[in-house]
Protein chains: 2
Amino acid sequence: MTRIVDVARHAGVSTATVSRVLNGKTVRPELAAAVRAAVEDLGYVPDRTARSLRRRSSDVVALVLPDVENPFFTAVARGVEDVAQEAGYSVVLCNTDDDPAKEGRYLAVAEHENMAGVVVAPASGSPEIAALRARRRAVVVIDRRVGQDVDQVVFDNVALGRRAAQALVARGFRRIACVTGPVATSTAVDRARGWREALDGAGLEADDLLVHANFRVDGGYDATVALLARPDPPDAVVATNNLVGVGVLRALADAHGRPAASPADAVDGQGPGSGPALGVGIVGDLPFATSRTSDVALVPLDPRALGTTAARLLLDRLAGDEEPARRVVQETPAGP
Amino acid sequence: MTRIVDVARHAGVSTATVSRVLNGKTVRPELAAAVRAAVEDLGYVPDRTARSLRRRSSDVVALVLPDVENPFFTAVARGVEDVAQEAGYSVVLCNTDDDPAKEGRYLAVAEHENMAGVVVAPASGSPEIAALRARRRAVVVIDRRVGQDVDQVVFDNVALGRRAAQALVARGFRRIACVTGPVATSTAVDRARGWREALDGAGLEADDLLVHANFRVDGGYDATVALLARPDPPDAVVATNNLVGVGVLRALADAHGRPAASPADAVDGQGPGSGPALGVGIVGDLPFATSRTSDVALVPLDPRALGTTAARLLLDRLAGDEEPARRVVQETPAGP
DNA sequence: TTGTACGCGTTATCAG
DNA sequence: CTGATAACGCGTACAA
């Protein structure tokens, strides 16, 4: 393995000069050229470990997520990776299963590993985030709000919930339920609030049509089954995230029903068998849907862009940006 | 930050002794106890960077995958993470997009970062794999065959393709097409071979019913659209991976068709509209399906177990196992 | 068994 | 602007 001393000897300079060339400090041009030539000749690659030890900071960024099997978060991960790799950083993915204890462990590890920074979709208002900030580590919170003085990138979740519900209102549905995530998850609460606002705005009753499930497929499935079994079932449902949306659609399909484009569609052209038909609105995308989604009111999100935005913010901090904490609202695609 | 010297002083021993206790070498019990107490008191956590520099090997494992957005590979990743984390290793995910150049870069990085080992689903017969082996780094190849002397964990892909096709034969289909991945991908080729064997065994003609698409949703979608447009379309299709399967089902759905449980089902009860009905067999799982899959012949895979198996193999190597390269055939669930 | 002292490869300091 | 050298924190010969 070739080390920095080899390069130095080969170029007839000191190791300090080699280091300076590699790190873009000012060096006499002819010496710099000699160093670059030597690096090329010997195929020298700096040892990141030694560099990290000396700098007291590695070039690894932690990406802490509630569920890496959720396509939403894998897309976020790609976004983060794209820009981090470009800048020479590696990305480590950490899965918390929405468990604050797991999350705490990962954040502690990030600190002890001297990682450059952390992008986290928090399971809770993690005290460890404050700890990292206190140690002057770069931290960017994504997707979910936390009440702390830290960089954040989030969607306008109230607006997203409102748009999904309004789309159903516009199609003529009157009893629009909402299946959302846990009350501890800000996206679940905010999108549900948007749903309620849309109903209020249209003069419709929310009644007992708000269901807090989990943010997974089974949550949406079970909630839909329960809604359909009610004495006075809704005629439409808003799912506040992608997986819940999958659950809603699958529950409909298993009941030999289908998403309805309008109330008329629901009562008239009973399709396969004679199962239920429901208006369906979903906040999120369905990259692996196996059915037509043209009758579903999709409110797309572009999670990959969320990731790139967060990563750029993080890189700014790593480059020494000392501005006060920023709060960025991530744009979403216009939708159909 | 507390260092090893602090612990040593606190316990009244030398740094060497502290190190020995931490690494499980033989130390007089009372001293060991004192050291542990000091570690506890001071909340000491060893600096991984310094340790890596000294050991010339970090406790990071690279997981190099063709597509981290494919639920199959995210499940593999969880399997790897589960056992790696347990053993104190971090996992870095690397996305190659099936591009040999990208893959080569990541494997080179793994080497220069002194990563402990690599688990890789190769895009090609990477020469870098041999290079890593030559440097005595632990490497485990998963999912796809490579013609090299290296640990491998793969499914019995010929059998999987055969099972999917046989299930359709058993349901009475006679013209069974196969949509598979690129010829450069061993899983695509092997599962197609299995499909062909099943047809041969049943006395059916394969004709020109083999289609090489890509291993993504659009590959399955386009191939299905093309098959349906033929003068003599097939009455069933085998999709050799999960994403292609999604594409097949979505193409059917968009044509207002559906998967058929049997040829009779296909001609009789024309369901919604009057689109095509096809027998469908899929090698893989559909965690985010939005339609009923009871009429689809699914051959499940348990990718998470693939990951845990590979990780265990890797850990064995990291623990000093010097046996000749092993080739493990990963069991698959029995299927319905 | 324990302690001392050196080395891992790089960067930062400080003199020149 | 450049070179010599001292850290960074840990593991491990070597000597005791």
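Each chain gets a letter, A, B and so on, in the order the sequences are listed, and its residues count up from 1.
Counting to the nearest Å, the C1' atom of dG9(C) and the CG atom of L53(B) are 6 Å from each other. Between N23(B) atom CG and dC10(D) atom P the separation is 11 Å, expressed in whole Å. For the pair D47(B) CG and dC8(C) C1', the computed distance is 13 Å after rounding to whole Å. To the nearest angstrom, C1' of dC10(D) lies 13 Å from CZ of R48(B). Atom CG of D59(A) is separated from atom P of dT11(C) by 11 Å (rounded to the nearest Å). Straight-line distance from the CZ atom of R56(A) to the C1' atom of dG9(D): 8 Å, rounded to whole Å. dC8(D) atom C1' lies 10 Å from atom CG of N114(A), rounded to whole Å.
With rounding to the nearest 0.5 angstrom, the CD atom of E69(B) is 11.0 Å from the CZ atom of R216(B). The CG atom of L63(A) lies 10.5 Å from the CG atom of N95(A); values are rounded to the nearest 0.5 Å.
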With 3.5 Å as the limit, what N/O pairs link the protein to nucleotides 13-16 of chain C?
none

Distance-only donor-acceptor pairs under 3.5 Å for side chains of residues 80-93 of chain B, two or more places apart:
unit_1	atom_1	unit_2	atom_2	d
D82(B)	OD2	R304(B)	NE	3.3
D82(B)	OD2	R304(B)	NH2	2.7
Q85(B)	NE2	Y106(A)	OH	3.3

Kindly list each side-chain donor-acceptor pair under 3.5 angstrom involving residues 25-44 of chain A, sequence neighbours excluded, with atom names and distances?
unit_1	atom_1	unit_2	atom_2	d
R28(A)	NH1	E30(A)	OE2	3.1
D41(A)	OD2	H10(A)	NE2	3.2

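If you run salt bridge (Lys or Arg N to Asp or Glu O under 4.0 Å) between D151(B) and each of R317(B), R312(B), R137(B), only R317(B) comes through.
Interface residues of residues 25-33 of chain B facing DNA chain D, ordered by number: none; criterion, heavy-atom separation under 4.0 Å. Within residues 3-12 of chain A, the residues that place at least one heavy atom under 4.0 Å from DNA chain C are, in residue-number order, R3(A), I4(A).
V64(A) is listed as a side-chain neighbour of V118(A), based on a closest heavy-atom distance under 4.5 Å. Side chains of T17(A) and S14(A) form a contact here, defined as non-hydrogen atoms less than 4.5 Å apart.
Here the nucleotide nearest the side chain of R55(B), chosen from dG11(D), dT5(D), dT10(C), is dG11(D). Listed candidates were dT10(C), dG9(D), dT5(D). Nearest to the side chain of T15(A) is dT5(D).
Rotation axes derived from the C1' atoms of the five outermost pairs at either end of the helix from dT1(C)-dA16(D) to dG16(C)-dC1(D) lie 40° apart, to the nearest 10°.
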Side chain to side chain contact (heavy atoms under 4.5 Å, CB included) assessment of L65(A) paired with C94(A): CA-CA 6 Å; L65(A) 300 174; C94(A) 310; over 6 Å; no
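D97(B) and R78(A) are joined by a salt bridge, as a carboxylate oxygen and a charged side-chain nitrogen come within less than 4.0 angstrom of each other.
Within the 4.0 angstrom heavy-atom criterion, only backbone atoms of the sugar-phosphate kind lie near T17(B); the bases stay farther away.
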